[in-house]
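To keep things clear, I will list the structure first and then write my remarks on it.
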Number of protein chains: 2
Amino acid sequence: MKKEISLHHKCHMNERCAKYNTCPIVLVHKLISGKWKILILWYLSSGCLRFSEIKRKLPDVTQKMLTNQLRSLEEDGLINRTVYPVVPPKVEYSLTKIGENMIPLLEQMYSFGIDYGKRNIIEKK
Amino acid sequence: MKKEISLHHKCHMNERCAKYNTCPIVLVHKLISGKWKILILWYLSSGCLRFSEIKRKLPDVTQKMLTNQLRSLEEDGLINRTVYPVVPPKVEYSLTKIGENMIPLLEQMYSFGIDYGKRNIIEKK
DNA sequence: CCGGATCCATTGCGATACTG
DNA sequence: CAGTATCGCAATGGATCCGG
């Protein structure tokens with residue numbers, strides 16, 4: 001652990017992370033720091049969902065914004081978008097192969113969330 | 001793994017994640033989805049840094065935005081802000097105990113970033 | 001009906017200048 | 001050095017319309 005930290009402690013100055021633009025953590029940051037991306041990926045980690053189903057799970061997001069986020073995730077190769085030419089229209093979203101690799105990360109976020117919630121109760125927030 | 005997924009596949013509908021506002025992943029999302037939070041936490045995971053040092057590592061962030069993000073992280077109990085009453089002013093930031101619990105998560109993001117980068121090279125992007 | 005595109009009103013953010 | 005203050009623009013939300 002200590003050793004792992006030492007490998008990046010001079011981020012932007014060592015061989016693994018020589019430049020800001022090629023730093024892996026900067027890359028991940030760009031992928032998931034969209035306003036709703038983590039939640040979208042999380043919901044899709046259980047299986048594919050329709051547009052309206054995702055929207056229902058995200059009460060605070062506007063339709064336009066959700067469309068933007070889904071398009072961005074699609075461009076980054078994290079989710080698939082499947083359009084069924086039926087009436088009424090049906091569009092399904094699912095994780096790509098690469099997107100599925102993010103599931104352990106999402107699971108760990110979930111665990112941290114539980115831990116964080118407990119600590120904040122203890123520390124009376 | 002499959003079992004773990006089954007525990008949240010009805011997120012917002014089961015006992016662990018009954019409501020949007022109490023869902024652990026929503027909580028984590030609020031903590032780290034700020035425009036620069038992941039990167040700030042990552043840089044601080046190697047040790048405390050001064051305001052100007054963080055700024056130097058983030059060429060694209062404005063001073064105002066960096067201040068906002070640091071204040072928000074402080075409010076959420078993820079980082080400490082230490083002011084030294086000297087001239088010129090000196091302010092240091094570091095992870096709190098809770099913030100340190102996020103380091104494994106950040107390490108996993110870093111690993112995913114490396115993996116994602118490799119795959120995109122292979123798939124000629 | 002569903003997914004998405006369009007038109008404004010509002011908010012947030014960046015650039016710059018200024019201060020303790 | 002580490003912020004605040006101010007202003008103008010770009011991103012965002014809400015309502016509406018559209019096409020299948």
Side-chain angles (χ1 to χ4, degrees), chain A residues 12 20-21 26 29-41 43-44 47-76 78-96 99, chain B residues 12 20-21 26 29-44 46-76 78-96 99:
Chain A
H12 298 344
Y20 180 76
N21 290 328
V26 172
H29 177 251
K30 286 177 184 171
L31 293 179
I32 67 174
S33 274
K35 213 170 175 186
W36 302 99
K37 292 186 178 179
I38 291 174
L39 295 181
I40 294 169
L41 291 168
Y43 296 141
L44 291 179
C48 76
L49 291 172
R50 297 186 57 170
F51 183 89
S52 55
E53 290 173 321
I54 300 173
K55 177 135 183 48
R56 205 171 307 131
K57 287 170 175 289
L58 292 168
D60 296 333
V61 71
T62 61
Q63 191 175 29
K64 182 166 61 175
M65 206 44 210
L66 181 55
T67 301
N68 287 346
Q69 299 287 289
L70 289 167
R71 291 285 192 282
S72 176
L73 288 168
E74 190 188 1
E75 279 175 26
D76 291 335
L78 295 175
I79 67 172
N80 300 305
R81 179 173 185 267
T82 313
V83 181
Y84 297 91
V86 296
V87 178
K90 178 176 174 181
V91 182
E92 278 186 348
Y93 295 91
S94 60
L95 294 185
T96 61
Chain B
H12 296 345
Y20 181 76
N21 290 327
V26 172
H29 178 251
K30 286 178 182 169
L31 293 178
I32 67 173
S33 274
K35 212 170 172 184
W36 302 98
K37 292 185 178 179
I38 291 174
L39 295 181
I40 294 170
L41 292 168
W42 172 252
Y43 296 141
L44 291 179
S46 303
C48 76
L49 291 171
R50 298 185 57 167
F51 183 89
S52 55
E53 290 173 320
I54 301 172
K55 178 138 180 46
R56 204 171 308 130
K57 288 171 176 288
L58 292 169
D60 296 332
V61 71
T62 61
Q63 194 172 26
K64 180 166 68 170
M65 209 40 214
L66 182 54
T67 302
N68 286 348
Q69 299 287 289
L70 289 167
R71 291 286 191 282
S72 176
L73 288 168
E74 190 189 2
E75 280 174 26
D76 291 334
L78 295 175
I79 68 172
N80 299 306
R81 180 172 182 268
T82 311
V83 181
Y84 297 91
V86 297
V87 178
K90 178 177 175 180
V91 182
E92 279 186 348
Y93 295 91
S94 61
L95 295 185
T96 61

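In what follows, every chain begins at residue 1, and chains take the letters A, B, ... in the order their sequences are listed.
- In the 5' to 3' direction, nucleotides of DNA chain C lying under 4.0 Å from heavy atoms of chain B begin and end at C:dC13 to C:dG20.
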Please encode protein proximity along nucleotides 8-13 of chain D as a string of B, S and -, counting only heavy-atom distances under 4.0 Å. ----SB
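- Between B:W36 and A:H29, the ring center distance clears the sub-6.0 Å criterion.
- Contacts of residues 78-91 of chain B with DNA chain D (heavy atom under 4.0 Å): B:R81, B:P88, B:P89, B:V91.
- In summary, the side chains of A:S72 and A:K37 do present a donor paired with an acceptor at a separation below 3.5 Å, with no hydrogens or angles considered.
- Between the CD atom of B:E53 and the C1' atom of D:dC1 there is a distance of 12 Å, rounded to whole Å.
- Looking at heavy atoms from C-beta onward, A:E53 lies out of side-chain contact with A:Y93 at the 4.5 angstrom threshold.
- Within the 3.5 Å criterion, the main-chain N or O of A:S33 finds no donor-acceptor partner in the side chain of B:S33.
- Between the CG atom of B:L70 and the P atom of D:dC1 there is a distance of 17 Å, rounded to whole Å.
- Here B:K90 pairs with B:R50, B:Y84, B:V86, B:E92 under the side chain to side chain contact (heavy atoms under 4.5 Å, CB included) rule; sequence neighbours left out.
- Here the shortest heavy-atom pairing between B:L95 and B:N80 reads O-ND2, 3.3 Å.
- Rounded to a whole Å, the CD atom of B:E92 is 9 Å from the P atom of D:dA2.
- Side-chain contact between B:L73 and B:L31: absent, with no pair of heavy atoms (C-beta onward) separated by less than 4.5 Å.
- Taking 4.5 Å as the limit, some side-chain heavy atom of A:L78 sits within range of a side-chain heavy atom of A:L41.
- Side-chain contact between A:L49 and A:L44 is present, with heavy atoms from C-beta onward closer than 4.5 Å.
- Closest approach of A:Q69 to A:I40, counting heavy atoms only: CB-CD1, 3.7 Å.
- A pairwise comparison of heavy atoms in B:P85 and B:V83 identifies CD-O, 3.7 Å as the closest pair.
- For the OP1/OP2 pair of D:dT4 and a distance below 4.0 Å, the side-chain nitrogens and oxygens of B:R71 include at least one atom meeting the criterion.
- B:E74 is linked by a side chain to side chain contact (heavy atoms under 4.5 Å, CB included) to B:R71, B:I79, B:R81, counting only residues two or more places apart in sequence or in another chain.
- An end-to-end axis angle of 40° holds for the helix from C:dC1-D:dG20 to C:dG20-D:dC1, taken from five base pairs per end and rounded to 10°.
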I would like to know whether B:W42 and A:V26 meet side chain to side chain contact (heavy atoms under 4.5 Å, CB included); could you show each step before the answer? CA-CA 10 Å; B:W42 172 252; A:V26 172; over 6 Å; no
